[in-house]
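I have placed the structure first, in the form of structure tokens, so that the comments after it can refer back to it.
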Amino acid sequence: MPKSRIRKKADYTPPPAKQATAIKLNSRGWVAPVMLAMFLIGLAWIVVFYVTDGSLPIDSLDNWNIVVGFGFIAAGFGVSTQWK
């Protein structure tokens, strides 16, 4: 029986090196401080309202002061969606 010819395999050539692409990161250093500030302002607003029996921060708002405090907290969550 005749010997089969051995096929020579092509030498391995690695794929061309990719050029390093610069990743542009948007500067969002303002997000974390603003988010935390909104959370703390909202919390402080609600705590002051309860501690002063409703006479502070704004007496004419009555129980709507709670809504204002939660509004600040909700705004903090809204800002948090911009955090990367």
Side-chain angles (χ1 to χ4, degrees):
M1 178 167 269
K3 273 188 162 180
S4 63
R5 284 193 244 163
I6 299 174
R7 286 185 281 172
K8 184 177 179 185
K9 293 183 181 178
D11 291 336
Y12 172 75
T13 55
K18 293 183 179 179
Q19 295 289 338
T21 57
I23 299 173
K24 184 178 180 184
L25 296 176
N26 293 337
S27 176
R28 300 208 179 205
W30 59 271
V31 174
V34 171
M35 176 183 65
L36 291 175
M38 296 294 238
F39 288 153
L40 292 176
I41 290 170
L43 179 65
W45 195 287
I46 294 171
V47 167
V48 167
F49 174 72
Y50 277 116
V51 168
T52 61
D53 291 328
S55 63
L56 287 176
I58 300 176
D59 190 26
S60 62
L61 288 179
D62 292 327
N63 286 334
W64 284 97
N65 279 306
I66 298 170
V67 175
V68 172
F70 278 113
F72 276 111
I73 293 170
F77 279 113
V79 171
S80 72
T81 63
Q82 300 298 314
W83 196 5
K84 289 188 176 185

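By convention here, the first residue in the shown sequence is residue 1. Since the structure is predicted, the reported quantities are computational estimates derived from the model, not experimental observations. Only heavy atoms go into these numbers, but all of them, side chains included; no hydrogens, no water, no symmetry mates.
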- Query: Does one hydrophobic cluster hold both F49 and L61, with members joined at side-chain heavy-atom distances below 4.5 Å?
  - Reply: yes
- Say whether M38 and V67 are linked into one hydrophobic cluster, either directly or through other cluster members, by side-chain heavy-atom distances under 4.5 angstrom. yes
Name every donor-acceptor pair, under 3.5 Å, that has one atom in a side chain of residues 68-78 and the other anywhere in the protein, sequence neighbours excluded.
none

- Note on the structure: To the nearest 0.5 Å, atom CH2 of W64 lies from atom CD1 of I66 at 10.5 Å
- Once you round to the nearest 0.5 Å, how far does CD1 of I46 lie from CD1 of I41? 12.5 Å
- N65 versus L56, closest heavy-atom pair with distance: ND2-O, 4.3 Å
- Nearest heavy atoms of G54 and D59, plus distance in Å: O-OD1, 3.5 Å
- Query: Would W45 and I58 satisfy side-chain contact (heavy atoms from CB on, under 4.5 Å), going step by step from the backbone distance to the final call?
  - Reply: CA-CA 10 Å; W45 195 287; I58 300 176; 4.0 Å; yes
- Query: Is the backbone N or O of A32 less than 3.5 Å from a side-chain atom of W83, with the two atoms forming a donor-acceptor pair by type?
  - Reply: no
